[in-house]
Amino acid sequence: KNWAVLSIIESKNYRFLLFVSADSTKHYIDLDTKKDAYGLFVFNGKKSPLFVDMTNVDTGISFYLKE
């Protein structure tokens with residue numbers, strides 16, 4: 001609710017994620033290296049993706065988007 005401007009893409013049954021920045025930089029994430037089944041990645045196309053756990057989701061998203 002608090003982040004209605006964000007697009008949410010849910011991913012199931014995948015091991016790798018690929019984020020591509022506006023400058024064509026590629027960021028690969030191996031989900032097997034993350035030990036949190038309930039976290040999410042925030043990505044704005046300008047900075048590297050940020051993993052945020054659900055207990056800190058509001059703070060993590062807020063800091064990521066304002067910097």
Side-chain angles (χ1 to χ4, degrees):
K1 291 181 186 179
N2 296 341
W3 303 103
V5 298
L6 297 179
S7 298
I8 298 174
I9 301 170
E10 190 171 339
S11 170
K12 293 182 181 179
N13 302 321
Y14 293 98
R15 178 177 172 184
F16 299 99
L17 300 177
L18 171 63
F19 296 92
V20 182
S21 297
D23 67 356
S24 298
T25 302
K26 294 179 180 166
H27 307 273
Y28 294 94
I29 307 291
D30 180 352
L31 294 175
D32 282 357
T33 65
K34 304 298 176 193
K35 302 299 181 196
D36 188 338
Y38 301 104
L40 59 96
F41 289 92
V42 182
F43 181 64
N44 66 0
K46 299 175 187 172
K47 297 187 277 185
S48 295
L50 174 70
F51 179 77
V52 180
D53 63 36
M54 293 309 286
T55 58
N56 297 313
V57 70
D58 285 328
T59 304
I61 292 172
S62 179
F63 283 133
Y64 182 83
L65 294 179
K66 81 169 143 176
E67 292 180 3

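Note that the coordinates shown come from a computational prediction; the quantities given were computed from them, not determined experimentally.
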Heavy-atom pair with the smallest gap, counting every atom of [X] and [Y]:
X: Y64; Y: V42; result: CD2-CG1, 3.3 Å
X: I29; Y: F19; result: CG1-CE1, 3.7 Å
X: T33; Y: D30; result: OG1-O, 2.6 Å
X: G60; Y: L50; result: O-CD2, 3.9 Å
X: K47; Y: H27; result: O-NE2, 4.5 Å

inquiry  = Just checking L18: does its CG atom have more than 12 heavy atoms from other residues, nucleotides or ligands closer to it than 6.0 angstrom?
reply    = yes
ask   = Do L6 and V20 share a hydrophobic cluster (ILVMFWY, side-chain heavy atoms under 4.5 Å, transitive)?
value = no
task = Could you tell me whether the side chain of N56 and the main chain of T59 form a donor-acceptor pair under 3.5 Å?
result = no
task = Evaluate the side-chain proximity of F41 to L31: yes if any heavy-atom separation is below 4.5 Å, no if none is.
result = yes
request  = Report yes if some heavy atom in the side chain of L40 is under 4.5 Å from a heavy atom in the side chain of I8; otherwise report no.
outcome  = no
